[in-house]
Amino acid sequence: MFHSLETRIQSAFRACLADKFGVQLDIAGFDIVIEQPKQTSFGDLALPVAFQLAKSLKQAPRKIAADLVEAVGTIPGVAAMEIAGNGYINVRLDRGAFGAALLSGGPEAVAAADPGKTIVEHTNINPNKAAHIGHLRNAVLGDTFVRMLRTAGRTVEVQNYIDNTGVQVADVVVGFHFLEHKTPADVAALIAADSKHARFDYLCWDLYARTSQYYKDNPDSLAWRAQTLHEVEAGHGELAEMAHLVADAIVDCHLATMLRLGIRYNVLPRESEILHLKFWASCFELLKERKAIYFEEEGKNKGCWVMPSSAFRGADEANEDSKVIVRSNGIVTYVGKDIAYQLWKFGLLGKDFFYKPHTAYPDGQQVWVSTATPQSETSQIENQAPAFGKADTVYNVIDVRQSYLQDVVVAGLRALDFEQQAERSIHFSYEMVALSPRCCADLGIELSEEDAKRPYVEVSGRKGLGVKADDLMDKLIESALGEVASRHAEDPVETQRAVATEIAMGALRYFLLKFTRTTVIAFDFQEALSFVGETGPYVQYATVRARNILKKLQERGEALPDFGTELSAESMARQLANEDAWQMLLVASKVGSALDRAIATGEPAHLAKYAFLLAQTFSNFYQEFPILIEPDREKKVFLLWMTGFFARQLERTLAILGITVPVYM
RNA sequence: GCGCCCGUAGCUCAGUUGGAUAGAGCGGCUGGCUUCGAACCAGUAGGUCGGGAGUUCGAAUCUCUCCGGGCGCACCA
């Protein structure tokens with residue numbers, strides 16, 4: 001609601017500048033900025049536009065501001081505009097009209113939705129071990145961004161890429177076969193025996209670390225990896241069979257882990273199909289045909305197909321460090337395959353996967369997985385896969401350390417003349433999750449002397465160094481359960497546990513979202529386990545309290561008023577003359593603005609911050625206005641309406657963050 | 001060596017794209033449950049925005065430079 005007013009004011013000023021001042025903003029190089037005044041007493045909105053115009057119009061900002069206010073005239077919903085300071089235009093809204101519009105559920109201006117499809121790829125965990133805290137940051141960030149885009153009206157497809165034929169899977173297979181002398185049947189038995197106390201993904205976590213260490217101690221054993229990779233690629237033999245067993249089982253583990261946090265996918269494109277359907281071959285032809293890569297005849301890259309560095313670096317340091325795309329032995333590198341995959345996402349490869357149903361979520365939503373062969377024609381209609389890929393915008397949620405490779409992929413598109421798609425390939429990067437030294441101590445991890453001096457230590461699957469996602473969630477649930485039990489001892493244990501789970505997941509999601517993407521999270525149990533202050537549970541608690549007031553009203557035998565008939569615009573104006581109530585309503589009506597800004601900046605953290613502000617504001621409201629015992633009827637009805645409005649706004653915001661609201665706290 | 005990111009209160013972090021007196025949480029101190037549940041609220045202390053120079057009406061924000069920290073720069077993924 002607030003957001004549509006903002007845009008209305010913006011366009012009024014824009015039009016006025018064009019018509020009466022001859023200023024075209026797109027030419028002038030700036031747009032009308034609307035900000036929140038430093039002090040609430042200044043007004044509801046502030047425009048510093050006069051400052052920006054001062055130079056080109058060669059007039060004092062104060063005078064420009066005055067002329068501008070005069071020229072703009074009246075704007076619906078705006079009560080007054082005043083000049084302040086050196087030339088600020090402070091806007092005061094028509095409170096009664098604002099409240100009335102909110103009450104009637106006035107049209108929330110939905111930004112003209114992009115008609116095309118957006119792909120967001122996230123999670124992408126190598127299917128060879130349990131997920132850890134770093135993977136959670138990726139998935140929560142990606143999932144939240146998806147929710148943001150969908151709320152804004154965009155069509156979004158969520159992809160989770162599965163590298164089931166890579167080195168990491170091979171290393172676990174090496175561990176099973178060469179170190180533990182297990183057969184595929186043995187591994188299948190381990191998978192079947194998977195339970196809380198013998199988790200297959202945890203077992204692989206340890207085995208992977210052990211294999212990595214073994215390579216270090218016995219470098220000759222790396223030949224096992226090469227042999228395994230070779231057989232996996234060829235697609236037959238015991239090692240290949242085992243790789244399939246491991247990868248498929250671990251993918252199921254990951255999906256289950258992520259579902260605990262409400263994270264879902266539409267499709268799982270797999271590396272094995274990229275190989276079998278020869279995606280690379282098509283891409284290779286295209287790259288050669290359009291001269292995006294060339295065959296190196298000399299130097300250290302002799303015999304390789306390379307992309308010149310000028311394609312992905314500044315032109316100044318051309319000829320330096322070209323990127324090898326195809327090795328001298330004829331095998332394509334990871335980046336090469338990634339270019340093919342990126343082309344597929346845009347529907348530019350001229351090839352597609354086949355698909356089959358993988359799993360269904362409890363509500364029936366289907367996850368699809370790629371296959372190399374068409375589904376049989378007897379398949380039922382519900383087995384018909386939707387059209388995947390063919391996006392016009394692609395977000396790849398990948399940590400910042402892969403920036404260089406993402407640049408090469410985009411350069412590949414550009415070199416193929418897919419300029420627009422290159423422009424719309426967005427590396428949604430984020431910093432890593434590291435472990436604080438104290439956290440390592442908590443985990444009983446011994447650090448080398450130099451590591452101990454560092455501000456934080458990088459998580460490493462290879463070293464088995466990290467906090468497993470499910471362990472962390474379990475720990476959070478236990479902690480939350482303690483809090484719940486102390487307040488609701490009389491309640492059935494199952495309900496207590498369900499509530500504790502929602503609180504724990506809310507805490508975890510919020511914790512991972514409150515940091516901006518460029519911030520390294522030095523993970524700390526104490527902070528992550530906190531339920532007070534700027535946390536998910538704080539926001540959930542505010543929502544539960546708002547609901548409780550309305551519930552209490554009915555428990556006392558009072559009906560919820562019919563706000564439409566009891567609250568006229570006049571009574572809204574009367575009630576909103578109360579400065580505190582007005583300021584609180586303003587904050588509560590800014591979900592749209594907050595979402596818009598968070599999408600524009602690509603920072604889910606901004607929305608998380610707003611959720612906290614909203615909850616804080618409600619807590620103040622709760623404290624300041626006793627509602628149920630309010631003697632004045634009009635005021636009571638108004639306060640009840642505010643309470644409901646707060647509850648809805650809190651629920652909306654939390655839903656976008658993927659945080660649920662427990663029945664009680 | 002080159003590139004990217006970070007440096008803001010004791011600690012952990014925001015800062016609406018250059019705007020008004022730099023904010024929040026935690027921790028510290030003081031106070032508030034016989035009220036719609038205190039996982040809450042109110043008050044208070046705490047700042048050369050890493051240092052320096054520049055750009056302009058105006059800089060935590062942009063430029064340069066120095067200092068400190070992190071991450072990249074494979075015929076690995």
Side-chain angles (χ1 to χ4, degrees), chain A residues 30 33-39 42 46 48 51-52 54-55 60-61 84-88 90 126 163 166-168 296 300-306 313-314 317 320-321 323-329 331 333-335 337-338 399-405 407 429 431-432 434 436 454-456 458 480 483-484 486-487 503 514-516 518-522 524 526-527 530-535 537-538 540-542 544-546 548-553 556 593-594 596-598 600-601 603 605-606 608-610 612-613 616 619-620 622-630 639 643 664-665:
Chain A
F30 64 89
V33 173
I34 295 190
E35 50 190 47
Q36 197 176 313
K38 206 71 190 167
Q39 288 179 31
F42 292 163
F51 298 114
Q52 295 168 289
K55 186 171 276 180
N86 290 328
Y88 269 99
N90 289 336
N126 271 297
D163 185 2
V167 172
Q168 294 210 18
E296 185 63 78
K300 62 172 183 177
N301 293 333
K302 184 178 177 187
C304 299
W305 286 88
V306 303
R313 283 258 169 87
E317 59 216 297
E320 290 296 318
D321 292 329
K323 181 67 194 169
V324 172
I325 304 296
V326 182
R327 304 178 179 102
S328 55
N329 62 4
I331 296 177
T333 60
Y334 160 77
V335 197
K337 282 186 282 195
D338 228 28
D399 83 81
V400 70
R401 288 171 292 186
Q402 302 222 35
S403 294
Y404 166 67
L405 294 172
D407 287 348
S429 69
E431 267 292 354
M432 62 178 167
S436 67
R454 293 164 169 274
Y456 44 74
E458 198 172 340
E483 299 287 335
V484 172
S486 73
R487 284 155 234 238
I503 293 169
K514 71 196 265 192
F515 301 94
T516 52
T518 52
T519 300
V520 177
I521 300 180
D524 187 286
Q526 229 173 66
E527 279 181 60
S530 169
F531 299 145
V532 301
E534 195 199 333
T535 65
Y538 177 94
Q540 290 173 315
Y541 184 59
V544 167
R545 287 172 121 189
N548 278 349
I549 292 174
L550 302 176
K551 202 164 75 187
K552 205 83 176 186
L553 179 83
R556 292 183 181 182
S593 299
D596 201 56
R597 185 164 64 91
T601 54
E603 277 295 2
H606 290 162
K609 289 278 174 202
Y610 171 74
F612 178 64
L613 174 67
Q616 227 176 9
S619 292
N620 285 321
Y622 184 93
Q623 188 76 18
E624 185 175 336
F625 300 102
I627 298 159
L628 295 182
I629 56 167
E630 171 57 50
L639 292 174
T643 304
Y664 63 72
M665 280 184 78

Atom-pair distance ([atom1] on [X]; [atom2] on [N]), nearest Å:
X: A/Glu458; N: B/G70; atom1: CD; atom2: P; answer: 11 Å
X: A/Glu431; N: B/G70; atom1: CD; atom2: C1'; answer: 7 Å
X: A/Asn126; N: B/A77; atom1: CG; atom2: P; answer: 11 Å
X: A/Glu35; N: B/A20; atom1: CD; atom2: P; answer: 7 Å
X: A/Gln402; N: B/G3; atom1: CD; atom2: C1'; answer: 17 Å
X: A/Arg401; N: B/C4; atom1: CZ; atom2: C1'; answer: 14 Å
X: A/Lys300; N: B/C75; atom1: NZ; atom2: C1'; answer: 10 Å
X: A/Gln36; N: B/G15; atom1: CD; atom2: C1'; answer: 12 Å

Phosphate contact ([N] OP1 or OP2) by [X] side-chain N/O below 4.0 Å:
X: A/Asn301; N: B/C75; result: yes
X: A/Thr519; N: B/A14; result: yes
X: A/Arg454; N: B/G70; result: yes
X: A/Asn620; N: B/C40; result: no

Completion exercise
Per the glycosidic torsion and the 90° limit around 0, nucleotide B/U17 is syn
Among the candidates [options], find the nucleotide nearest to the side-chain atoms of [X].
X: A/Arg597; options: B/U16, B/G70, B/C5; value: B/U16
X: A/Met432; options: B/C71, B/C13, B/C57; value: B/C71
X: A/Tyr404; options: B/A77, B/C75, B/C73; value: B/C73
X: A/Thr516; options: B/U12, B/G15, B/A39; value: B/G15

Could you tell me whether the side chain of [Y] reaches within less than 4.5 Å of the side chain of [X], counting heavy atoms only?
X: A/Gln540; Y: A/Pro537; result: yes
X: A/Tyr404; Y: A/Lys323; result: yes
X: A/Ser619; Y: A/Tyr538; result: yes
X: A/Val326; Y: A/Thr333; result: no

Considering only atom [atom1], compute the distance from [N] to [M] and round it to an integer number of Å.
N: B/C49; M: B/A59; atom1: C1'; value: 11 Å
N: B/G28; M: B/A9; atom1: C1'; value: 13 Å
N: B/G50; M: B/G43; atom1: P; value: 29 Å
N: B/C62; M: B/G68; atom1: P; value: 22 Å
N: B/U8; M: B/G70; atom1: P; value: 15 Å
N: B/U61; M: B/G52; atom1: P; value: 12 Å
N: B/A45; M: B/U55; atom1: P; value: 38 Å
N: B/G7; M: B/U16; atom1: P; value: 13 Å

Quick one: [atom1] on [X] to [atom2] on [Y], what's the gap to the nearest 0.5 Å?
X: A/Thr643; Y: A/Asn548; atom1: OG1; atom2: CG; answer: 11.5 Å
X: A/Met665; Y: A/Ile503; atom1: CE; atom2: CD1; answer: 4.0 Å
X: A/Met432; Y: A/Glu458; atom1: CE; atom2: CD; answer: 4.5 Å
X: A/Arg597; Y: A/His606; atom1: CZ; atom2: NE2; answer: 5.0 Å
X: A/Tyr456; Y: A/Ile521; atom1: OH; atom2: CD1; answer: 11.5 Å

Exercise for the section: Using atom types as modelled and distance alone, determine if a side-chain donor or acceptor of A/Asp163 lies under 3.5 Å from a backbone N or O of A/Gly166. Expected result: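 Confirmed, A/Asp163 side chain pairs with A/Gly166 backbone.
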How would you label the contact of [X] with the nucleic acid (heavy atoms, under 4.0 Å): base, sugar-phosphate, or nothing?
X: A/Phe515; answer: sugar-phosphate
X: A/Tyr334; answer: base
X: A/Ile34; answer: nothing
X: A/Val33; answer: sugar-phosphate
X: A/Asp163; answer: sugar-phosphate
X: A/Ala594; answer: nothing
X: A/Val324; answer: sugar-phosphate
X: A/Leu405; answer: base
X: A/Lys337; answer: nothing

Problem - Pair of N/O donor and acceptor under 3.5 Å linking B/A20 base with A/Asn90 side chain - result: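 A donor-acceptor contact between them is present.
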Exercise for the section: Examine the base of B/C75 for any acceptor or donor lying under 3.5 Å from a partner atom in the side chain of A/Ser328, and report the outcome as yes or no. Expected result: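 For A/Ser328, whose side chain was compared with the base of B/C75, there is a donor-acceptor pair (under 3.5 Å).
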Exercise for the section: Run the salt-bridge test on A/Glu534 and A/Lys609 with the 4.0 Å N-O cut-off and return the result as yes or no. Expected result: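 Looking at A/Glu534 and A/Lys609, the cut-off is met.
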Practice task
For A/Gly303 and for A/Phe531, find the nucleotide of RNA chain B with the closest heavy atom, then tell me which residue's nucleotide is more 5'.
Solution key: A/Phe531
Problem - Upstream residue (5' side of RNA chain B) when A/Pro37 and A/Pro61 are each assigned their closest nucleotide - result: A/Pro37
Exercise for the section: Treat primed atoms plus P, OP1 and OP2 as sugar-phosphate and everything else as base, then score nucleotides 21-37 of chain B 5' to 3': B for base contact with protein heavy atoms under 4.0 Å, S for sugar-phosphate contact only, - for none. Expected result: B-SSSS---------BB
Which nucleotide, in any strand shown, forms a Watson-Crick or G-U wobble pair with [N], with both distances under 3.5 Å?
N: B/G7; result: B/C67
N: B/G72; result: B/C2
N: B/A22; result: none
N: B/U34; result: none
N: B/A39; result: none

